[in-house]
Amino acid sequence: MRSIAIVRILVIVITLLSTWYFAERMFSSKWETRSLRDLFENGVKEKKEKPKIHTKCGNEKECPENYFAFKLISGAANVVGPSMCLEDKIIMSSVQNNIGRGLNFALVNATTLQVLKTGHFDMYSGEINEVKKFLEPIKEGTLILIASFDDPATKLDDQTREILSSYGSSVAKNLGFRDSWVFVGGKGLKNKSPFEQHLKNDKENNKYDGWPEVLEMSGCIPKKMD
């Protein structure tokens, strides 16, 4: 009888130990599975890209109050025309059918941002007097946006270069045959405009055969440039 009791106790102990062992393994496995799942889900969340925020004219940043967004792209060689964007609106482009070889101009009211006038002038075989007629009546408080296409300079004379310089250009006096040029200036500026880019036509460095590469300039312009 005594031996039977001992056997029963051993059976009970073994049963308890077995139950504890399998229970521990089961809960440990569940915990590990949940932990791995949590790690995976957290990893996926971290990898998810932040939604892209739309900015005016596709610029990198939104402009602060009392500034407006712009983007100018010069023409590519004599193949692809220039484009101009102002406050998320394309104001000049091939699609708009209002650009051409030479110099492309947009005149904008600096306060209301109303596009007053656009024009393009052939600077290789056109009439320079037409450019002067376009530029000379500009009133103070008017912004001028310029983008080149093909050749912007062959027909430019000293008087026209001086007019463009008076609008804040640092490049106009030296602009040459088939240079790439984009510029934003204004009538009555006291200083040279910070919104200007220029690439010389240079056979050794040209991206295209006979033309430098495209220029793209974007940013935020104060509604009143000094």
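The chain is numbered in sequence order, starting from 1. Owing to the predicted nature of the structure, the values given are computational and were not obtained by experimental measurement.
- Hydrophobic clustering (ILVMFWY, side-chain heavy atoms < 4.5 Å, transitive): Y124 and W181 are in distinct clusters.
- Residue-environment remark: OH (Y208) exceeds the threshold of 12 foreign heavy atoms within 6.0 Å.
- Rounding to the nearest 0.5 Å gives a distance of 14.5 Å between CZ of F195 and CD1 of I146.
- A donor-acceptor distance shorter than 3.5 angstrom exists from the side chain of D122 to the backbone of S125, with no hydrogens or angles considered.
- At most 12 heavy atoms of other shown residues, nucleotides or ligands fall within 6.0 angstrom of atom CD in E127.
- Taking 4.0 Å as the cut-off between side-chain N and carboxylate O, K173 and D158 do not count as a salt-bridged pair.
- Both F70 and L143 are members of a single hydrophobic cluster when ILVMFWY side chains are connected at heavy-atom separations under 4.5 Å.
- Using a 4.0 Å cut-off between charged side-chain N and carboxylate O, E62 and K56 make no salt bridge.
- Residues F121 and F105 bring their aromatic ring centres within 6.0 Å.
- Residues E216 and L72 are not in side-chain contact: their nearest non-hydrogen atoms beyond the backbone lie 4.5 Å or more apart.
- Residues S148 and P82 share a closest heavy-atom pair of O-CB, 4.0 Å.
- Atom CG of L189 and atom CG of N191 lie 8.0 Å apart (nearest 0.5 Å).
- With T154 contributing its side chain and F177 its backbone, the two residues share no donor-acceptor pair below 3.5 Å.
- With contacts defined as side-chain heavy-atom distances shorter than 4.5 Å, the pair E136/Q159 qualifies.
- For the pair R101 and N78, the minimum side-chain heavy-atom distance is 4.5 Å or more.
- With hydrogens and angles disregarded, a donor-acceptor distance shorter than 3.5 Å links the side chain of T55 to the backbone of N59.
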CA sep, side-chain torsions, deciding dist, call: V131, I163, side-chain contact (heavy atoms from CB on, under 4.5 Å)
CA-CA 10 Å; V131 180; I163 294 172; over 6 Å; no

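- Side-chain atoms of S165 and K192, non-hydrogen and from C-beta on, do get closer than 4.5 Å to each other.
- K89 NZ to L113 CG: the interatomic distance, rounded to the nearest 0.5 Å, is 11.0 Å.
- In this structure, the side chains of M217 and V184 come closer than 4.5 Å at one or more pairs of heavy atoms.
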### Task
Could you walk me through whether S193 and F183 pass side-chain contact (heavy atoms from CB on, under 4.5 Å), step by step?
CA-CA 8 Å; S193 171; F183 169 70; 3.8 Å; yes

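- A pairwise comparison of heavy atoms in M84 and A106 identifies SD-CB, 3.8 Å as the closest pair.
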Checklist entry - Are Y167 and I138 close enough, and set up right, to give a side-chain contact (heavy atoms from CB on, under 4.5 Å), and what steps lead you there? => result CA-CA 10 Å; Y167 297 154; I138 294 178; 3.9 Å; yes

* Apply side-chain contact (heavy atoms from CB on, under 4.5 Å) to the pair T142 and L116, showing each step before the final yes or no. => CA-CA 9 Å; T142 301; L116 305 173; 4.1 Å; yes

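- When side chains are defined from C-beta on, T118 does not count as touching I91, because their heavy atoms never get closer than 4.5 Å.
- Here the CD1 atom belonging to I53 is positioned 12.5 Å from the NZ atom belonging to K61, to the nearest 0.5 angstrom.
- To the nearest 0.5 Å, the span separating OG on S166 from CZ on R161 amounts to 14.0 Å.
- A continuous path of Ile, Leu, Val, Met, Phe, Trp and Tyr side chains, each step under 4.5 Å between heavy atoms, connects L145 with V182, placing both in one hydrophobic cluster.
- A donor-acceptor pair shorter than 3.5 Å can be found between the side chains of S169 and E196.
- Proximity of I90 to V95: side-chain heavy atoms (C-beta onward) are nowhere separated by under 4.5 Å.
- A donor-acceptor contact under 3.5 angstrom links the side chains of H198 and D179, judged on distance only.
- Remark: I128 CD1 to K133 NZ distance equals 12.0 Å, nearest 0.5 Å.
- The residue from L103, T160, L175, D150 that alone fulfils the side chain to side chain contact (heavy atoms under 4.5 Å, CB included) condition with M123 is L103.
- Residues V214 and I73 have side chains in contact (heavy-atom distance under 4.5 Å, counting atoms from C-beta outward).
- For the pair D88 (side chain) and C57 (backbone), a donor-acceptor distance under 3.5 Å is present.
- In the hydrophobic clustering of ILVMFWY residues, with side-chain heavy atoms under 4.5 Å counting as a link, I144 and M92 come out apart.
- Between C220 and P64 the shortest heavy-atom distance is SG-CD, 4.2 Å.
- Both I221 and L215 are part of a single hydrophobic cluster, where members link through side-chain heavy atoms under 4.5 Å apart.
- Of the possible donor and acceptor atoms, none in the side chain of N98 sits under 3.5 Å from a partner among the backbone N and O of S94.
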